[in-house]
Asks: 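Below you will find the structure I want to go over with you.
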Amino acid sequence: MKNKIALGLKVLALALTLSACSSGGNDQVKIGFVVKQPEEPWFQDEWKYAEQAAKEKGFTLVKIGAPDGGQVLTAIDNLKSQHAQGFVICTPDVKLGPSIVAKAKADGLKLMTVDDRLVDGSGNPIESVPHMGISATKIGEQVGQAIADEMKKRGWNPEETGALRISYDQLPTAKDRTDGAIAALTAAGFPTANIINAPEAKTDTENAFNAANIAITQNPKYKHWVAFGLNDEAVLGAVRAAEGRGFRAADMIGVGIGGSKSALNEFAKGEATGFFGSVLISPKRHGYETSVNMYEWIKNGKAPPPLTLTTGQLITKENSADVRKEMGL
Ligand code: FCA
């Protein structure tokens, strides 16, 4: 009897040791994915692909929405208390750079940024933090070129056309994108004087609508409008504002950046819309690849590439399904 109990205890002890060992594998890696605007389809897609990486590699993903600086710092502490080893972040304000770097260091967490690159006190990118962003200027140029081509096709006189630059210049990638669009437009002969700056307070549709509405009201002389901004939401806001002022599909050419649900819903509408196209970028690369990079860093000590810039491709109502398929989306 005594022997049997002793054997039973031994078996139990062995079982406990084994279960502790099995959780010492991949499932102990925990990675945070913090985004500034969790309601935006782009960020939901990034999370979706980060989840895919978590499933494939067998780590735990902690998704956190942090729309302001206070919430970013709380999120980092929260990740530490959950025993995460690192996180990927798209910050609500790139100027939080030095605080985010300091906090991650104090909490012993590896840090990588996505979409929006952290800047230091002088506004220069913090190069020590690995980053994946889009090739902002190039993609902006694709937007401007698409608008110029479509204007030509419609035979619009540039002198009678106003361009809405929905701007958010405090974010370098946003400024680069809109500057790229202007460069391509003006290279195609668009008059600089007709480009109206319409600053938005936040990078969502509602704020873009308000910015565009003011700009259109203040510039009643134009017969047609074109619009560009840092993302699809900016351009959708401009398209809605133009509609409200009587500029419908035939008198508006808006080209966004993103190509996620916001753009696809617009393309799926029965009636024509001034939202002509979008430069599709890859939430898969930005969500899946950054998460795998972070995983490799934690698990195998392999640091991510210091800087990765991804490309984009123009989609319109006609070709969006095919191009998305090509991109593996
Ligand atoms: C920024 C924008 C997002 C998305 C991302 C790639 O974070 O705010 O809408 O375009 O870059």
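Throughout, numbering of the chain's residues begins at 1 and tracks the sequence. Start at 1 and go down the list; that is how both ligands and their atoms are numbered.
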Asks: Restricting to salt bridge (Lys or Arg N to Asp or Glu O under 4.0 Å), what partner residues turn up for Asp116, sequence neighbours left out?
Replies: Lys36
Asks: Side chains of His131 and Thr113: do they bring a donor and an acceptor to under 3.5 Å?
Replies: yes
Asks: Should the ring pair Trp156 and His224 be called parallel, tilted or perpendicular, given that the plane angle runs from 0 to 90° and is split at 30 and 60?
Replies: parallel
Asks: Can you list every pair where an N/O of ligand 1 is under 3.5 Å from an N/O on the protein?
Replies:
| from | atom 1 | to | atom 2 | distance (Å) |
| --- | --- | --- | --- | --- |
| ligand 1 | 7 (O) | Lys36 | NZ | 3.2 |
| ligand 1 | 7 (O) | Asp116 | OD1 | 2.8 |
| ligand 1 | 7 (O) | Asp116 | OD2 | 3.3 |
| ligand 1 | 8 (O) | Lys36 | NZ | 2.9 |
| ligand 1 | 9 (O) | Glu40 | OE2 | 2.6 |
| ligand 1 | 9 (O) | Asn231 | ND2 | 2.9 |
| ligand 1 | 10 (O) | Arg177 | NH1 | 2.9 |
| ligand 1 | 11 (O) | Arg177 | NH2 | 2.8 |

Asks: Ignoring hydrogens and angles, state whether a donor on the side chain of Asp204 or Asn207 is under 3.5 Å from an acceptor on the partner side chain.
Replies: yes
Asks: Sequence neighbours excluded and cut-off under 3.5 Å, please list the side-chain donor-acceptor pairs for residues 318-329, or say none.
Replies:
| from | atom 1 | to | atom 2 | distance (Å) |
| --- | --- | --- | --- | --- |
| Asn319 | OD1 | Thr316 | N | 2.9 |
| Arg324 | NH1 | Gly259 | O | 3.0 |

Asks: Tell me the salt bridge (charged side-chain N to carboxylate O under 4.0 Å, His left out) pairs involving residues 265-286, sequence neighbours left out?
Replies: Arg240-Glu266, Glu266-Lys269, Arg285-Glu289
